[in-house]
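Naming convention: chains lettered A, B, ... in sequence-line order (proteins, then strands); numbering from 1 in each chain.
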Amino acid sequence: MRVPSRLMRVKYKELTGLNLPAIEQEVLKQWSEKQTFEKSVSLREGAPSFVFFEGPPSANGMPGIHHVISRTLKDLVCRYKTMQGFQVKRKGGWDTHGLPIELGVEKELGITKEDIGVKISVEDYNKKCRKAVLRYKGKWDDITRKMGFWVDLNDPYITFKNEYIETLWWLLSELYKKGLLYESVSIQPYSPAAGTGLSSHELNQPGSYKDVKDTSCVALFNLLNQGPSTFLFDAVRLLPSSEVFLMAWTTTLWTLPSNLGLTMGASIEYALVQTINPYTQLPINVVLATELVGKYFKPEGENGNFTAIDEKTKIFPWKIITRFPGSQLEGALYEQLLPFEANTTAAIELITPGAKPFRVLLDSFVTTEDGTGIVHTAPAFGADDYKVGKKYEIGMLTLVDREGKFVEGVGEFSGRYVKDYKNQTDYVDVNVDIAIKLKKENRAFRVEKYQHNYPHCWRTDKPILYYPLDAWFISTTAVRDKMVALNKTINWKPKSTGEGRFGNWLEHMVDWNLSRSRYWGTPLPIWRTADGEEQICIGTIAQLREELIKSVEAGLVSRDCKKGQVDLAQKIEKLLSDLHKPFIDQIILVSPSGKPMHRVPDLIDVWFDSGAMPYAQWGLPDISSNQFGPLSPENFFQYHALNGTISAQAFPASFIAEGVDQTRGWFYTLHAIAGLLFDSVAYQTVISNGLVLDKNGNKMSKRLGNVVDPFQTIESFGADATRWYLITNASPWDNLKFDLEGIKEVQRKFFGTLYNTYQFFALYANVDGFSYKEPSVPLSQRPEIDRWILSSLHTLIQKVTVAMDDYEPTQAGRIIEDFVDQQLSNWYVRLCRRRFWKGEYSADKISAYQTLYECLETVVRLMAPISPFFSDALFLQLNAVTNRNTAESVHHVNYPVADHSFIDQSLEERMQMAQDVSSLVLSLRKKVNIKVRQPLQRILVPVLNASMQAQLQRIEDLIKAEINVKSIEYLSADNTFIKKKIKPNFIALGKKLGPKMKAVSAALSDFSQDQITLLEKEGHINLQVEGEALVLQLAETEISSEDIPGWTVAGKGKLSVALDITVTPKLEAEGHAREFVNRIQKIRKDAGFELTDRVLVKVQASADLASSLVSFKTYICDEILADTLEFSNEMPDTTTIEINEETLQVQVTKKG
RNA sequence: AGAUCCGUAGCUCAGCCUGGUUAGAGCACUACACUGAUAAUGUAGGGGUCAGCAGUUCAAAUCUGCUCGGGUCUACCA
C-alpha cells in the first residue's frame, strides 16, 4: 500500500456521524452568504423561462405539515427545471384579505360584525386587520427557509396593496366592459354567524358539508274546498273526517312561517289516503305521492280497523281513496299553516303588492326520491322556491333577519335564533318548538330526527341559510364551453382530478357571486346614483383621480376635498392612497347628468384576489409609450415586457401546485379569470396533492391534538429526510398517512446508506490522495463491475428523467433510493471493497475511485431537487477536492443526462444473474451450515442455452469471490445428469389451445425425462389430448432444471445451482488461514494500528493448525501486512484467539 | 342520494392499464453470518382466503357487476 504523502493537500471531509439538521444549518448559512438562490435564477438569464405561480398563503395562521408537502412539490419542480436549463422566477406572495382575517380580529377584540362602525370605527378595524394579516409572517418565512423552499420573499406581492387592488379593479372593469359583471337578487348561501354571503366555491371548501341531525317534520297543510280541490272533498264526504291535508316534508322548520306555497309535480301521481293522525289520533285524510305511500304507511295497516287503534303495534289504519296527477290541483288554495302578525295577507301584500299566496304550484324540480312529493315553498329561503314563487307570484316573506333570528311579529318565536349562532349555553332549538306546536294543532304527521348532509360556513362552522341577497355576479356560465375546452389542454396530476372533479365542476358551474358584505377586502369599484340610473366602473387609480377631480369641480365634496382648496391636489392624493374602506366610500363621484354617485357597498370575494395573481402580482404596466394602444388583456404582458421586469411569456404558468382542496378555490378562480379575459389557460400543468392524515388515517385537527408541528419535525429529522419521506412514501395526490417513524426510516435507509458510501469513498480516497487528477479511464478499460455500475447509473438517469418530466417525483425518488441501496452500496461497494484498500495506486484502483466518484456525484445531482441540502453538502465536499466543477452549488449545475454508450443491457442482465447465483449459494451454505469463510471447491450450474453460459462465464470471478468457491462448472442442456421439469408456456399455448389448456398442462406434468429430452431434440412432440392429436412445439413450453441427484440444489426462476459441499483437507487448511487473517485484522484494529502499519506476528498453535497456516503463509502475510510470521512455543504478552473451535496464542507487534 | 378514489404481510407501499400458474419490496420480528464501510453491513426465515360475493375466461390480485368498510367530492333535497 502506498504511504500517503505528508504534503498538505485538500482532503474529502469525513463526517463524524450523520446529523442532517446540523448539515442543513451549515448549508443554509452558505446559501444566504453566497446568495445561492438568487444566483440560481440570475445564472439562467437569457435561458427559456419556466413559469411558476406561487399560490399565496395567508400569514394569518400558522404553517402546518400539509404546507410542507405542497411547497416541497413546488420547490422540487422548480429546482429540477432550473437544473434542466430553464430560468425559473419564483415570486412569493401573501393573501391578506378575507373572512378568516376579519373573524380573527373580531375574536381578538371580542366584537361581532354588528359592532363595527359602532364600538370600533371602520378605519380602526381595518387597521387591526392590516396588522393581523401578517401576524405569522415571521413563522412562515422561517419555515420557508428551513424547509428549503426557494421562493423570492424579498419582493412578494401583497393583496392589500394599492397596486394589487388597482389591477383587480382593472380586471373587473374589463369584465364590466364585456358585460360579464352584473347585479342580481338571488337566494344565496348566507352565513348568519359570519354575517356574509358565501360563494359556491366557499361552500365547497372541504368540511363544509357535514352530516348533521336536524328535526324534520311532515307538516299537514289544510286544503280549502274550493276550485280545483273540490273533487277530493267529494271523495271524502262520507268519511269520519271531511278535512283534506297536503303533506309536505321539511328539515328546516324555521322556514314554515314564511311558507307561501306548496309545489307539486304535474305528472307525479298522488294519492288521497284516509288515515289517523298518529299524534292526535284524530281521523284525517292526506295527500302525498303514490310512490311514497309505503314510506309512511305499513302494509299491515292497509284497510285496517279505523275504530280501534292497536296501541301496542302502533300500526295505523290507512286506505287509498283515490289517485290523481299533480296537475289536477294546480292553483288549489290552502289554509296558512302558521299565521302570525308578520305574515298576514296584508303584510304580504305590503311587501309584494298583488301577491297571491297559499296556493298549489307545479314545477319540475319536485321528485319522489324523498319527502312526500309535495314541497313546502318559502321563496326567501331556497333558490327553487324563489324561482317557482316568482312564476306564480305568491310573494315573498323573510321572517328571519340577517343575524339568523326571527323578526318581530312571529309570536312566541320572535327574537329566537333558528340555529345556535351565538353559542348560547341554554340554546333551545326553535325548530323543536315549532314541531311541538304543529303536533298539538293536528298539523304534524311525523316528526323525527333526520340525518343529512348540510352545508356549513367554512370559517364559523355554523350551518348556513339560504337567504335573499342583492349581489354582483361574474357571468362565468357565459364562457363555460371555453373553460371546459381549455381545461382539456391542462396537464392534471393526477389526471382524474382534472377530468372528474374539476371537469364536472366546470360542466355544472353557476355564475360567480362576487359580493361580500364585509369590511376588510377589495372594494367593488362601482359608483352609482341614488336612483340607480347611472353608474360607472372604475378601472385604474388614474381614472378615479380624474373622476374625483370632476366631481370636486362640480361642487361635490369627497371627504376633505373641496373645490377651490389651496392644497386640493395633495388632499386628493391622500384620499387615493388607500383604496380600502372606509376611505374609498368617502369618495363621491359625479354622474354625466350631474348627480352624486356613491360606491356600492360590496367588497369582492377574496378568491378573486388569488385568482387574479398572475396579473396583479405585477401590478398595472406603464403604458405611457402607448406602443400597443390602450391597456387590454391582449397587451397587458407586452407592456410589462417593455419595461423589462418580466418577459411577455410570464403567462400562463408552466406549472402550479396546491392541495386538492384548492380545486374549486384557486385552481378554479385562476382558470375562470384567465378564460374570461385572457382567452387562455392560467396554468399548463397542475399538481394537486392530497391530504396529510395522521398515522392512523385520521384528519389532522387541533381538536384531536394529532397535528404535526413542521418546525419540530424539521429540527429533529432534517428538512431533507422530511421532504424525501413526503415525496417517496406515497404519490403526492394520494392521501398521506404521516408517521414520524417513516422519516426515521428514510434517514437510516436512504441518507444513512448514501452517507456511508461517501464515508467509505472519502476514507480511502484520502489515504490514496485521489483527486480525480488522472485522465478519465476509458470505459472499455474499466473492469466489468465498473462498467456495470456505470451502465446502471445511466439507466437510472434515464428513468429518473422520464419520471421527473412526467411530474412523478415519487417514482423518481424511489428508483434513486433503490439504486443507492441495492446497486451502489449493497453490490458495487461491497464487492469492490478490496480494490479500494488493497494494493498500489494502480490503474484498477483509479478506475474504482473514478467510478464510485462518478456515481456519487451523479446521484447527488439526481436527488438535488428533492433533497436540496444534503445533496449540496456532498456535492461541494466532492468538488472541494477534485475541482471538477466550478459551480458554487449543486443547484447551479445541469441535471445529469443519460449517455447511451454507457448502457449495456446484457451486462446488467448478467450482473443480476450473478446476484441471483450468489444469493442461491449463500442460502445453500446456510442450509448445510458452512460459513462463507470456508472455501468450497465448486458449484454446478445447468445452462439452458449457450448465451446463458456465455453470460455466466463473464461474471465467474465475481461470483467465485463473493461466495468463496474455487470453480464454476456448467451442465449443458443435452446432459442427462440433471432432472428437468416442463411446464406449458401459458401465454403462447393459451391462445392456441383455449379450453384444452388444462388437459395439456396435466399431460405435461406427467412427462417423463425421456419425453422432455425427445422434445428438446426434435423441437416438437406429438400428444394425444382428450382423444385428439396435437403437435406441441418446443417454444410452447418452458423447461427448467429441477434437481441434480445427490447434490444440494437451490433454484430461482430458470436458474438453479448445485453446491459441492465436500471440504477437503486442503480447503480446510485454507479455511483456517482465512479465519486467522480475520482474527489478526481484528487485533490490528483493536490495537488502533493505521491501515498502512506493517506488523510482526508470532503464533503458538497446535501442529495441525500451524501447518495450515504455514502452507498459506504468503497469503496471510499479504493480507495482514505482516513482515514476519513466526511460530514459537514461548511467548509473553499474548492474545488468545479461537479458530474453528481451537484456541491459539498470538502476538502482534507494530514494526518500527 | 349520487360521483369518485382506495382496501394486497403487523406497518408503509409495488404489481392491476396490457389476465399466465410459488403475489413482491422496505420496515418491524426471529435466527444466523460478517467484523479494515463497524454507531455500519449481509443472509435466511416466519408472516397473505390480494376486503367479501358473483360473473367473464382454459386461467383473475389483475377484467365486469354487486356488497361491505374508509376517504374525498357533488347537490337548489325540500
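- Between the P atoms of B/U12 and B/A31, the separation comes to 26 Å (whole Å).
- Considering only side-chain atoms of A/Ser923, the nucleotide from B/C58, B/A44, B/A37 that sits closest is B/A44.
- Regarding A/Ile268, its CD1 atom lies at a distance of 12 Å from the C1' atom of B/A78, rounded to whole Å.
- Ring pair A/Phe770/A/Phe761 is perpendicular by interplanar angle, where above 60° counts as perpendicular and below 30° as parallel.
- Side-chain proximity of A/Thr757 to the nucleotides B/A37, B/G42, B/A78 is greatest for B/A37.
- Comparing B/A23 with B/U49, their P atoms sit 13 Å apart, to the nearest whole Å.
- If you check B/A78, B/C34, B/G42 against the side chain of A/Lys931, the one that comes closest is B/C34.
- Straight-line distance from the CZ atom of A/Arg925 to the P atom of B/A31: 23 Å, rounded to whole Å.
- Taken residue by residue, residues 255-263 of chain A places no heavy atom nearer than 4.0 Å to RNA chain B.
- In this structure, OH of A/Tyr828 is placed 20 Å from P of B/U41, rounded to the nearest angstrom.
- Taking atom P on both B/G46 and B/U4, the two are 42 Å apart, rounded to the nearest angstrom.
- As a whole-Å value, the separation of A/Leu824 CG from B/A37 P is 15 Å.
- Across A/Phe751, A/Phe738, A/Phe750, a single residue satisfies ring-ring contact (aromatic ring centres under 6.0 Å, His included) together with A/Tyr725, and that is A/Phe738.
- Closest contact between the side chain of A/Asn729 and the listed nucleotides B/G20, B/A37, B/C13 involves B/C13.
- The C1' atoms of B/A51 and B/G7 are separated by 6 Å, rounded to the nearest whole Å.
- Considering only the side chain of A/Leu922, B/U43 comes nearest among B/A78, B/U43, B/A40.
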### Task
Evaluate side chain to side chain contact (heavy atoms under 4.5 Å, CB included) for A/Asn729 paired with A/Val746, printing each intermediate quantity in order.
CA-CA 9 Å; A/Asn729 186 61; A/Val746 161; over 6 Å; no

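- When distances run from any side-chain atom of A/Ile987 to the nucleotides B/C77, B/C34, B/G20, the shortest one goes to B/G20.
- As a whole-Å value, the separation of A/Ile963 CD1 from B/A33 P is 19 Å.
- On the C1' atoms, B/U8 is 16 Å away from B/G69, given to the nearest whole Å.
- Between the side chain of A/Tyr270 and the backbone N or O of A/Gly373, at least one donor-acceptor pair lies under 3.5 Å.
- Within the 4.0 angstrom heavy-atom criterion, only backbone atoms of the sugar-phosphate kind lie near A/Asn826; the bases stay farther away.
- Using a distance-only test at 3.5 Å, with no hydrogens or angles considered, a donor-acceptor pair links the side chain of A/Thr250 to the main chain of A/Thr252.
- Annotation: B/U22 and B/U30 have their P atoms spaced 32 Å apart (nearest Å).
- Each of A/Ile1120 and A/Thr728 was matched to the nucleotide of RNA chain B holding its nearest heavy atom; the match closer to the 5' end belongs to A/Thr728.
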### Summary
Under a 4.0 Å heavy-atom criterion, the protein footprint on nucleotides 23-30 of chain B, written with B, S and -, is ---SSS--

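- Helical stems in RNA chain B, defined as runs of 3 or more consecutive Watson-Crick or G-U wobble pairs with donor-acceptor distances under 3.5 Å: B:1-7 with B:68-74, B:10-13 with B:24-27, B:29-33 with B:41-45, B:51-55 with B:63-67.
- Between A/Thr753 and A/Ala730, the residue anchored closer to the 5' end of RNA chain B is A/Ala730, taking for each the nucleotide with the nearest heavy atom.
- Distance CG (A/Leu754) to P (B/A40): 16 Å, rounded to an integer number of Å.
- Aromatic pair A/Tyr296/A/Trp249: ring centres not closer than 6.0 Å.
- Considering CD1 of A/Ile1080 and CD1 of A/Ile1116, their distance stands at 8.5 Å, rounded to 0.5 Å.
- Distance from the side chain of A/Thr252 is smallest for B/A78 among the nucleotides B/U43, B/G20, B/A78.
- Checking B/A78, B/A37, B/G20 against every side-chain atom of A/Thr251, the shortest atom distance belongs to B/A78.
- In this entry the distance linking CZ of A/Arg833 with C1' of B/G42 reads 9 Å, nearest Å.
- Closest contact between the side chain of A/Ser825 and the listed nucleotides B/A37, B/C34, B/C76 involves B/A37.
- Paired with A/Glu1119 under the rule salt bridge (charged side-chain N to carboxylate O under 4.0 Å, His left out), one option of A/Arg1079, A/Arg1074, A/Arg834 passes, and it is A/Arg834.
- Rounded to whole Å, the separation between the P atoms of B/A14 and B/A33 comes to 37 Å.
- Candidate nucleotides B/A78, B/A37, B/A14 were compared by shortest atom distance to the side chain of A/Arg814, and B/A14 ranks first.
- One atom, CZ of A/Phe760, and another, P of B/C34, lie 20 Å apart when rounded to the nearest Å.
- Between A/Phe221 and A/His376, the ring planes are parallel. Angles under 30° get that label, and only those over 60° would be called perpendicular.
- Residues forming a side chain to side chain donor-acceptor pair (under 3.5 Å) with A/Tyr849 (at least two apart in sequence, or on another chain): A/Asp768.
- The side-chain contact (heavy atoms from CB on, under 4.5 Å) search around A/Ser919 returns none, not counting sequence neighbours.
- Within 6.0 Å of the NZ atom in A/Lys390, the count of heavy atoms belonging to other residues, nucleotides or ligands does not exceed 12.
- B/C34 and B/U18 have their C1' atoms separated by 44 Å, given to the nearest Å.
- Within the structure, salt bridge (Lys or Arg N to Asp or Glu O under 4.0 Å) contacts touching residues 811-826 of chain A (residues at least two apart or in different chains) are A/Lys749-A/Asp821.
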### Task
Check step by step if side chain to side chain contact (heavy atoms under 4.5 Å, CB included) holds for A/Leu262 and A/Leu246.
CA-CA 8 Å; A/Leu262 291 169; A/Leu246 296 175; 3.6 Å; yes

